[in-house]
> 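I am attaching a structure below and will ask some questions about it afterwards.
Throughout, a chain's letter reflects where its sequence line sits, starting with A, and its residues are numbered from 1.
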Amino acid sequence: MNYDFKTIEAKWQEHWEDNKSFKVERDSSKKKYYLLEMFPYPSGRIHMGHVRNYGIGDAVARFMRMKGFNVLHPIGWDAFGLPAENAAIQNKTHPAQWTEENISSMQMQLRSLGFSYDWDREIATCRPEYYRWNQWCFLQFYEKGLVYRKKSQVNWCEACNTVLANEQVVDGCCWRCDGEVEDRFQEGWFLKITDYADRLLEGCKTLSGKWPDKVLAMQSNWIGKSYGAEVDFQVKGKDEAIKVFTTRPDTLYGATFMVLAPEHPLTLELSRGTDQETAVDEFISKVKQEDKVSRTSETGEKEGVFTGAYAVNPLTGEDVPVWSANFVLMDYGTGAIMSVPAHDQRDLDFARKYNLLVRVVIEPAEGSLDAATMTEAFSSDGTMARSGSFDGLRGDAARRKVCEFLEDKKIGKATVNFRLRDWGVSRQRYWGTPIPIVHCDDCGLVPVPQDQLPVQLPLDVELGDRGRSPLTTLAEFYEAQCPACGKSARRETDTLDTFVCSSWYFDRFTSAQNDQFAFDKDDVDYWMPVDQYVGGIEHAILHLLYSRFFHLVFHDLGLVKSEEPFEHLLTQGMVIKDGAKMSKSKGNVIDPDEIIQNYGADTARLFILFAAPPAKDLEWSSQGVEGCYRFLKRVWRIFDDFANEIRSAGSVSQGYEADTKELSELRRMTHVTIRRVTDDIQVRMQFNTAVSAIMELVNHLYAFRDGWTSQETKSNEAIAVVRESFDTLILLLSPFAPHVAEEMWSLLGHETSLVEVEWPVFNESLTRTEELLIVVQVNGKVRQRITVSASASQEDIKSQALGDAKIEEQTKGKEIKKVIVVPGKLVNIVVK
RNA sequence: GCCGGGAUGGUGAAAUUGGUAAACACGCAGGACUUAAAAUCCUGUGGCCGUAAGGCCUUACGGGUUCGAUUCCCGUUCCCGGUACCA
């Protein structure tokens, strides 16, 4: 019988579907396990990255199910977003239609891969049943004071015609379309993620060891906490102070000038009435013309202009000139800095260029600095000098003392600054969740009452006017009554960033069909947190930070017990071909469907798990796929050889001693393989080595077969041992190649599907051998291999090693200084 | 620059607590089966020297610790990812 993967896979997919094999319910009598993979955007086709992501997840889900856990393994669709809108304009369809069609075809593909999802929990974020609760979340945040509206400099993507959050700007370009991002001044909605900066950072510590260090480091850097001080510099001749943030209050005596960001309101104000007026105007307009990328690149020339004004250094009492320069950013700190050229490279470069005063106030432990000639700023810790009564203080202590002084004098204070900005969630596009707010001339911003949710996204819109969001042109949508006073009012026409949808979908999965709540308290507290989350590294900051933020807020609102949504995180590497990420433009895309057609889902899944450890990039290899296909055929053939003979065998009786060496070796191999595969999946999450171990067992069965078939009489016990091996092989293979495993399992006469079978347990005593191979080294070099009885004492091993002919030859005439015996491993003889 | 991760055969990789480097697979070579091919099965396969027995070398590079280092420590080079006039 040939390995007919097409028939087998279709058969079992149908079986799982008809029986709802992977449907789960909350059951407090069972230990839960929530396995989640990042849900896909319904682009239309599954790609290899998905196969990898979901292949890894499914292996773990199936394994944990067999280990007896109540496993929640859901799937859904991150279905709002720009591609639908753009595709709809191009193909003259509707985003809803385009999206739903894509969902259907991708569902088919996921089914054809045999993933073990609870399909009853499937969600799509673009459906009112979902986005209704998205609006509800927004209002929860609103009521808690975590939502506000402000006019600000925003990142505008011209190509996408919308605003982007800071996290969505990559190297000055749009994360989605790669188009250039420009600054715009615009009003929009923000979520106060900065209120949670400290707790999000603290959380990184508790996740250490459970999330990849890399992701935690990226998040910590993104949050960017820095300790320092805020100091007020009085403007000379005006009742106005310039507030600066510095991480080096110990260098305050060396602040010889100040620099404002060009956008800083005081830049313009201070120059008025001075002879620098026109110079400042020209400078500001020049900087405005520069694009964001070159403005913020480090290699860019530092340029500035004197504002004509002076401020007073609060510690030295000196007048210091106030400049404005392109390298000071309005959106970090206070948008103004004190410049200490001797101890900051940028300040020094600027001072040299414009001939400003340099004063050394921190002395290094070794050598000395010459303010007149130095070209490299000394920015490490050192001893304070030329700093009045602070002279001699160092490092943190120095900074603390200066801060205390500033607080005493009420001219500054120790403070903490974050790099993290609030999350702008307004999008000027159609295909997203309508923001449930009404603008009333009398009442101001009025939230839509919960019983009026969802604010439906109208489907009868004209798309294609690329300048504006369609909602702003649709009177039936934006004309509304004020929920508070009943007067006619205007509905908000911005939609929510789609990252809002994905910030809590894992909670929704716990009560996917509930139409009373976003999620049921008992459900969410039973299932959450996600025990294992699997997804791409590209969401290290975006989705993973937003989700943590949402979950903390939910926690504070008493909606969920846990604080962190994802207990363990695995970020899988990319699938690459010819050294590059698969992409249409490079023409190196392998279509999963084609692989499934030619080799089957089991082969596709096996290859993708076998070819590389999960966290590493995986180089696609058609020969490697061929190899995995060959392996499954090899499994099938040896199974076919034995199936009839072992089908009616019983189990091996307890205390059975194998009649032959071959049988006891097969038994040992079987139990060793259980141990290896279990450990690889459960502890190490290393599926490539798990598959290798199974391959070794199969190789062993082939070697075993030759002796077996020539044997004339076989005891029932002997047949039972062989059966045990095949049962085990099938079970161990089942998380990786579930279809062929199910088929073989049923061919052996088992009546239950593997879904209900327990993971095999190894017997430690059966994994031991009677003889051990010991390596004998002389001076650390392997010279001989000897076999010793497993019960041999260290002394026995030592004398057997020393008595070996070859070792005697190696040690002849030399003095034996030391003999090291590592039980079960090696003997090292040190000679001179 | 800073942060994180890497570098092992012809290739993907393995070595779990410092203990036989290269498991498993691909590729390649040889053999069996076959009229032949495919498929399949078996054997070999890090490099150098040697007919062989065997020896020497080998985990990016240079040091160190240790009886023993792919693994730990110090330094260097290169590669990948993130981030960056962040005050």
> Which whole number of Å gives the distance between the C1' atom of B/C61 and that of B/G55?
26 Å

> Mind checking the P distance from B/C56 to B/A60? Whole angstroms is fine.
22 Å

> Can you check the A/Q219 CD to B/U83 C1' distance for me, whole Å?
14 Å

> Compare the minimum distances between each of B/G81, B/U20, B/A87 and the side chain of A/K214, then state the nucleotide with the smallest one.
B/G81

> Figure out the OH/C1' separation between A/Y332 and B/A84, and round it to whole Å.
11 Å

> Rounded to whole Å, please give me the gap between CG in A/L260 and C1' in B/C86.
17 Å

> Could you measure between the two C1' atoms, the one in B/A13 and the one in B/G6, and give it in whole Å?
14 Å

> Describe the nucleic acid contact of A/F610 in one word from base, sugar-phosphate, nothing, applying a heavy-atom distance below 4.0 Å.
base

> Any side-chain N or O of A/R783 under 4.0 Å from OP1/OP2 of B/C56?
yes

> Looking only at side-chain N and O atoms, does A/Q800 offer a donor or acceptor that is under 3.5 Å from a partner on A/D804?
no

> Of the nucleotides B/U83, B/A87, B/U20, which one has an atom closest to the side chain of A/I541?
B/U83

> Any donor-acceptor pair under 3.5 Å linking the side-chain atoms of A/N699 with those of A/R634?
yes

> Just by distance, with hydrogens left out, do A/E303 and A/N326 show a side-chain donor and acceptor under 3.5 Å apart?
no

> With both distances kept under 3.5 Å, what pairs with B/A87, Watson-Crick or G-U wobble?
none

> Specify the residues of residues 816-824 of chain A, ordered by number, for which at least one heavy atom lies under 4.0 angstrom from an atom of RNA chain B.
A/K818, A/I820, A/V822

> If we call it a pair only when both distances are under 3.5 Å in a Watson-Crick or G-U wobble match, what pairs with B/G75?
B/C61

> Among B/A23, B/G4, B/C41, which is the nearest nucleotide to the side chain of A/A217?
B/G4

> Let's test this: given Watson-Crick or G-U wobble pairing with both distances under 3.5 Å, identify the partner of B/U11.
B/A25

> Students often get this wrong, so: under 4.0 angstrom with heavy atoms, is A/E696 touching a base, only sugar-phosphate, or nothing?
sugar-phosphate

> Which value, in whole Å, describes the distance between the P atoms of nucleotides B/U34 and B/G27?
25 Å

> Remember a base hit wins even if backbone is also touched, and classify A/P212 as base, sugar-phosphate or nothing at under 4.0 Å, heavy atoms.
nothing

> Using only heavy-atom distances, determine whether the side chains of A/N417 and A/Y332 contain a donor-acceptor pair under 3.5 Å.
yes

> Going by the angle between their ring planes, with limits at 30° and 60°, are A/Y354 and A/W323 parallel, tilted or perpendicular?
tilted

> Expressed in angstrom and rounded to an integer, what is the separation of A/M330 atom CE from B/C86 atom C1'?
14 Å

> Can you tell if the side chain of A/T769 reaches within under 4.5 Å of the side chain of A/E771, non-hydrogen atoms only?
no

> Name the nucleic acid region contacted by A/S621, choosing base, sugar-phosphate or nothing; use a 4.0 angstrom heavy-atom cut-off, strictly under.
nothing

> For the pair made of CZ in A/R785 and P in B/U20, what is the distance, rounded to whole Å?
10 Å

> May I ask which nucleotide in the shown strands pairs with B/U35, Watson-Crick or G-U wobble, both distances under 3.5 Å?
none

> 5'-most contact on RNA chain B: A/G627 or A/D213, nearest heavy atom basis?
A/D213

> Figure out the CZ/P separation between A/R346 and B/A84, and round it to whole Å.
14 Å

> Taking atom C1' in both B/U59 and B/A7, what distance in whole Å separates the two?
9 Å

> Taking atom P in both B/G5 and B/A69, compute the distance separating them and give it to the nearest angstrom.
25 Å

> Any donor-acceptor pair under 3.5 Å linking the side chain of A/N2 with the backbone of A/D4?
no

> How long is the straight-line distance from CE of A/M685 back to CZ of A/F63, given to the nearest 0.5 Å?
9.5 Å

> Considering only atom P, compute the distance from B/A23 to B/G10 and round it to an integer number of Å.
14 Å

> So, is A/N688 near the phosphate of B/A14, with a side-chain N or O under 4.0 Å from OP1 or OP2?
yes

> With a 3.5 Å limit on both atom pairs, tell me what B/G19 is paired to, counting Watson-Crick and G-U wobble, or say none.
B/C67

> Give a yes/no answer on whether the side chain of A/K581 brings an N or O atom under 4.0 Å of OP1 or OP2 in B/C80.
no

> When rounded to the nearest Å, what value does the distance between P atoms of B/C72 and B/A15 take?
14 Å

> Could you please name the partner base of B/G81, counting Watson-Crick and G-U wobble pairs only when both distances are under 3.5 Å?
B/C3

> Would you classify A/Q686 as touching base, sugar-phosphate or nothing, given that sugar-phosphate means primed atoms plus P, OP1 and OP2, and contacts are heavy atoms under 4.0 Å?
sugar-phosphate

> Tabulate below the donor-acceptor pairs under 3.5 Å that side-chain atoms of residues 772-781 of chain A make, not counting sequence neighbours, or state none.
from: A/N779; atom 1: OD1; to: A/V831; atom 2: N; distance (Å): 2.9
from: A/N779; atom 1: ND2; to: A/V831; atom 2: O; distance (Å): 3.4

> Looking at every strand, decide which applies to A/R421 at a 4.0 Å heavy-atom threshold: base, sugar-phosphate, or nothing.
nothing

> Side chains of A/L544 and A/M38: closer than 4.5 Å at any heavy-atom pair?
yes

> Hey, does A/L773 reach any base, or is it just sugar-phosphate, or nothing, if we go heavy atoms under 4.0 Å?
base

> Regarding A/T194 and A/R421, is there a side-chain donor-to-acceptor distance under 3.5 Å anywhere?
no

> A/R637 side chain N/O closer than 4.0 Å to the phosphate oxygens (OP1, OP2) of B/C41?
yes

> For B/G54, does either OP1 or OP2 sit under 4.0 Å from a side-chain N or O belonging to A/K806?
no

> Need one value for A/N828: base, sugar-phosphate or nothing, where a base atom within 4.0 Å counts as base even if backbone is also close, heavy atoms only.
base

> For A/I337 and B/A87, what is the distance between atoms CD1 and C1' respectively, to the nearest whole Å?
5 Å

> What contact category does A/N699 fall into here, base, sugar-phosphate, or nothing, at under 4.0 angstrom with non-hydrogen atoms?
sugar-phosphate

> OP1 or OP2 of B/C42 sitting under 4.0 Å from any side-chain N/O of A/R634?
yes

> Can you check the A/Q623 CD to B/C24 P distance for me, whole Å?
19 Å

> Using a 4.0 Å heavy-atom cut-off, does A/K225 contact any base of the nucleic acid, only the sugar-phosphate backbone, or nothing at all?
nothing

> With nearest nucleotide decided by heavy atoms, which residue, A/R630 or A/G780, maps closer to the 5′ end of RNA chain B?
A/R630

> Side chain of A/K825 only, please: which of B/U16, B/G19, B/G12 is the nearest?
B/G19

> Please determine, by modelled atom types, if A/S725 and A/T670 share a side-chain donor-acceptor pair under 3.5 angstrom.
yes

> Name the nucleic acid region contacted by A/N779, choosing base, sugar-phosphate or nothing; use a 4.0 angstrom heavy-atom cut-off, strictly under.
nothing

